[in-house]
Structure formats: C-alpha cells, structure tokens
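Take a look at the structure below.
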Amino acid sequence: MPAASSASGTRTGPPEVIVVGGGLIGALVAFTLRQAGADVLVLDAGRPGAAWRAAAGLLTPDGEGLRQSPLWASAQESLRRWPRLAQRLEAVSGQPVFFREGVRRLQAEGPAQVTPGEGSLHPPSVVGAARRHVPVLPARVLALTPGPRGVRVVTDQGDWTAPTVVLAAGVWSAAFGVRVRAVQGQALRLASALNCGAVYGPPARGFARYALTRPDGVYVGATSRASWRVTPDERAARWLRGVARQLVPGAAMGRAAPLVGLRPVTASGQPLVGPHPTLPGVVVATGHGRHGALLAPVTAQQVLTLVQAGAYA
Ligand SMILES: Cc1cc2nc3c(=O)[nH]c(=O)nc-3n(C[C@H](O)[C@H](O)[C@H](O)COP(=O)(O)OP(=O)(O)OC[C@H]3O[C@@H](n4cnc5c(N)ncnc54)[C@H](O)[C@@H]3O)c2cc1C
C-alpha cells in the first residue's frame with residue numbers, strides 16, 4: 001500500500017474513513033471529518049470532466065430558482081454556513097478561496113435584484129484548500145467490498161480497508177450501484193481582468209446565463225445536456241460567446257478556454273446522502289446536480305453526523 005502524505009503528516013496506520021473522490025463534495029466532507037478529529041484518507045482518480053474543475057462557484061438559491069424546490073431549506077442552511085467554512089478553509093490552508101457576497105440578477109425591465117447572503121467562490125481553490133488538510137492519494141477506486149474487518153477498497157494503486165467509506169465520486173458513483181446520470185455543462189473562461197462582479201442575465205427560456213469575475217479570469221456559463229462527453233464542442237462555445245457579448249461585452253473578445261464538467265444528477269433532483277443501499281459501511285454523498293458548491297457545507301455536516309453515529313464514534 002503506498003504511503004499517503006499531506007500537510008498533516010505521513011500515515012502510520014489504516015484510516016478510520018476513506019473518502020472516494022476528492023471533488024467539491026469529497027474534499028469538503030474529508031475536511032469536515034478531519035476538523036472533527038477523524039483520521040481520513042481521500043482517494044481521487046483525477047478524472048477529466050470532474051464537475052468541480054468546470055463549476056462557476058455561484059452560491060445562489062434565488063438565482064437558481066430554488067425557492068419552490070425541496071432543496072430550499074438546505075440551500076439556505078448551506079448559504080448560512082459558507083462564510084464561516086470559507087474562513088476555516090483559508091485559515092487552515094493559508095490559501096484564499098475567493099468567497100464574495102453579492103450577485104446581481106438583471107431583469108428584462110427595472111433594476112437588478114440582489115438577494116442578501118448570495119455569493120460566489122472559486123471551486124478549484126476550495127477543493128485545493130480542503131485537500132491541503134487531509135492526505136490525498138491519486139488512485140482510482142475499482143471496487144468496494146464490505147467484510148468482517150471493514151470495507152475493502154480496491155484501487156489501481158493497491159488496496160485499503162477502513163470501517164467507513166464515503167462514496168463521493170460524482171457521476172462516477174454510478175459504477176458503485178448508485179443511481180446518478182451525467183448532465184454535461186460547458187462554460188468559458190475568458191482571459192480578462194475586467195471586474196464584472198457576479199451577474200445573471202435576465203430570465204429567459206433555456207439555460208441560465210451568468211458571468212463572474214474570478215481569480216483566473218471572467219467565467220461565462222453554462223450549458224446543460226444529458227451526456228457523458230468530456231470534450232468541448234463548437235456549438236456550445238458559440239452560444240457562450242453570445243452570452244459573453246450580452247453580459248460582459250468588455251471581455252467577450254478575449255482568449256477563451258473551454259471548461260467541461262459532468263454534473264451528477266438523480267431522478268428526483270435531490271442529492272443522495274445516506275447509507276449505501278446494499279454496501280454496509282459505505283455512506284453515499286452524491287447527486288448534487290448543479291448545486292454541489294452551494295450544498296457542500298450541509299452535505300459535509302450530514303456525512304459527519306452519519307459517520308459519528310456509526311463506525312468510528
Ligand atoms: C459548468 C458547470 C457549472 C457549475 N456551476 C455551479 C455553481 O455555480 N454552483 C454550484 O453549487 N454548483 C455548480 N456546478 C455543480 C457542481 O460542480 C457539482 O454539483 C459538484 O462538483 C459535484 O461534486 P462531486 O464532488 O459530487 O463531483 P465532482 O466535482 O465531479 O468530483 C468527483 C471526484 O471524484 C473523483 N473520482 C471519480 N471516480 C473515481 C474513482 N473511481 N476513484 C477515485 N476518485 C474518483 C474525480 O476525479 C473527481 O475529483 C456546476 C457544474 C458544472 C459542470
């Protein structure tokens with residue numbers, strides 16, 4: 001078994017919890033478990049198409065029209081938790097996560113709307129900061145096999161055993177008996193120093209259109225279609241250029257890098273957070289669709305509660 005090392009040192013014994021997938025959900029689950037004192041190991045396969053690499057980072061229950069949705073209460077609770085979690089991530093990692101409040105929603109007529117508390121952050125920085133606090137190994141998990149000594153985690157880099165495994169592999173959780181499908185999203189990162197804040201275009205049929213200033217340029221998003229494809233396509237790029245011309249004309253002509261991510265979506269549209277239906281010792285945390293950045297703090301708290309009630313308490 002390869003040794004895992006991180007800012008928190010080199011592992012000497014088997015971990016109490018193994019987190020499969022170090023994306024927005026897995027990294028923040030691992031961070032939260034570690035903060036609560038658990039000995040955690042993250043295994044991440046570095047999959048092309050991981051949603052966190054393409055995500056905008058908007059924390060906008062109103063912007064996403066969740067007011068009438070069953071997700072409203074947890075979205076509100078998560079939003080309330082984000083400022084403190086962002087502070088903790090920064091304090092522990094020494095890295096900024098670029099959490100900012102203030103998102104404008106342009107209207108067809110009249111002034112823009114702003115919901116107090118809504119904001120944005122930079123998902124790759126969030127994942128990077130959380131991962132600095134826990135050992136992360138590049139490994140692709142191939143099988144999870146519960147047994148009398150815990151859950152055996154079979155990977156392309158060797159095998160581990162832990163009393164509790166958290167399955168947070170995004171759309172790829174489907175390979176482990178979890179019902180999630182891929183909804184591909186494409187976005188553009190424009191090489192521009194323009195400061196446009198964070199803004200949604202006026203309501204229109206079709207995809208949500210938005211732009212925001214991030215540390216890596218101006219982000220414009222995003223398409224949405226049922227597909228496992230992880231390569232960008234020209235049609236999406238043209239549509240995104242149009243969004244850029246409408247929302248950030250000053251940045252629209254700059255160099256653009258395409259981003260493609262696969263959102264993990266369930267049939268009900270609700271995340272799956274709880275015991276795996278058939279694998280004892282495995283807790284599932286996936287299916288966050290287009291709201292994984294928003295819902296990560298509440299999900300991490302739910303997983304902490306489940307894990308504390310189970311194996312290592
Ligand atoms: C274009 C776009 C824009 C978005 N904008 C927003 C937004 O503004 N706000 C918001 O809240 N959400 C947004 N989202 C949604 C958000 O990105 C997802 O909900 C979130 O990333 C899901 O997190 P996750 O950890 O479940 O999956 P992912 O982020 O996909 O991470 C899964 C991780 O698991 C790893 N993995 C996969 N299989 C294995 C394996 N077998 N073994 C080990 N590791 C494995 C992968 O390498 C990856 O790192 C957006 C998504 C897209 C695509």
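Indexing begins at 1, ligand by ligand and atom by atom, following the structure's order.
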For [atom], which protein heavy atom lies nearest, and how many Å away is it?
{"atom": "atom 31 (O) of ligand 1", "value": "Gly23 CA, 3.4 Å"}
{"atom": "atom 34 (O) of ligand 1", "value": "Gly21 CA, 3.4 Å"}
{"atom": "atom 10 (C) of ligand 1", "value": "Arg290 O, 3.3 Å"}
{"atom": "atom 17 (O) of ligand 1", "value": "Ala55 CB, 3.2 Å"}
{"atom": "atom 5 (N) of ligand 1", "value": "Ala56 N, 3.1 Å"}
{"atom": "atom 52 (C) of ligand 1", "value": "Arg263 NE, 3.6 Å"}
{"atom": "atom 23 (O) of ligand 1", "value": "Ile25 CG1, 3.6 Å"}
{"atom": "atom 48 (C) of ligand 1", "value": "Asp44 OD2, 3.4 Å"}

Fill in: Test item, Ala139 contacting ligand 1 (heavy atom, 4.0 angstrom)
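Within the 4.0 Å threshold, so yes.
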Discussion item. With the threshold set at under 4.0 angstrom, would you say Gly46 reaches ligand 1 through any of its heavy atoms?
Written reply: yes
Item to complete: Starting from Leu89, walk the hydrophobic network (Ile, Leu, Val, Met, Phe, Trp, Tyr; side-chain heavy atoms closer than 4.5 Å) and list everyone else you reach, by chain and number.
Response: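 Other cluster members: Leu24, Leu28, Phe31, Trp52, Leu59, Leu66, Leu71, Trp72, Leu79, Trp82, Leu85, Val92, Val97, Phe99, Leu121, Val126, Val127, Leu294, Leu295.
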Worksheet item: If you measure from each non-hydrogen atom of Leu43 to ligand 1, which part falls under 4.0 Å: side chain, backbone, both or neither?
Response: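 Just the backbone.
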Worksheet entry | Under-4.0 Å heavy-atom contact with ligand 1, by part of Trp172 that carries it |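 Looking at Trp172 and ligand 1, just side chain atoms fall under 4.0 Å.
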Worksheet item: Are Phe207 and Val103 linked, directly or through other ILVMFWY residues, by side chains that come within less than 4.5 angstrom of each other?
Response: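 The answer is no; the residues belong to distinct hydrophobic clusters.
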Discussion item. Hydrophobic cluster membership, with links at side-chain heavy-atom distances under 4.5 Å among I/L/V/M/F/W/Y: are Leu190 and Leu58 in one?
Written reply: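 The answer is no; the residues belong to distinct hydrophobic clusters.
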Worksheet entry | Sidechain-backbone polar pair: Ser224 side chain, Gly185 backbone, donor-acceptor under 3.5 Å | no
Practice prompt. Go through Val151 and Leu279 one step at a time and tell me if the side-chain contact (heavy atoms from CB on, under 4.5 Å) criterion holds.
Written response: CA-CA 9 Å; Val151 182; Leu279 300 176; over 6 Å; no
Worksheet item: Any N or O of Ala54 that comes nearer than 3.5 Å to an N or O of ligand 1?
Response: no
Worksheet item: Hey, does Leu262 come in under 3.5 Å of ligand 1, counting only N/O atoms on both sides?
Response: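 No - when backbone and side-chain N and O of Leu262 are compared with those of ligand 1, no distance drops under 3.5 Å.
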Fill in: Parallel, tilted or perpendicular: ring planes of Tyr219 versus Tyr210, cut at 30 and 60 degrees
parallel
Discussion item. Could you work out, for atom 47 (O) of ligand 1, the closest of His291, Arg47, Arg140 by heavy-atom distance?
Written reply: Arg47
Discussion item. Would you say that Thr286 contacts Phe176 through its side chain, given a criterion of any heavy-atom pair below 4.5 Å between the two side chains?
Written reply: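 No, their side chains stay 4.5 Å or more apart.
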Worksheet item: Side-chain donor-acceptor pair under 3.5 Å between Thr115 and Arg105, yes or no?
Response: yes
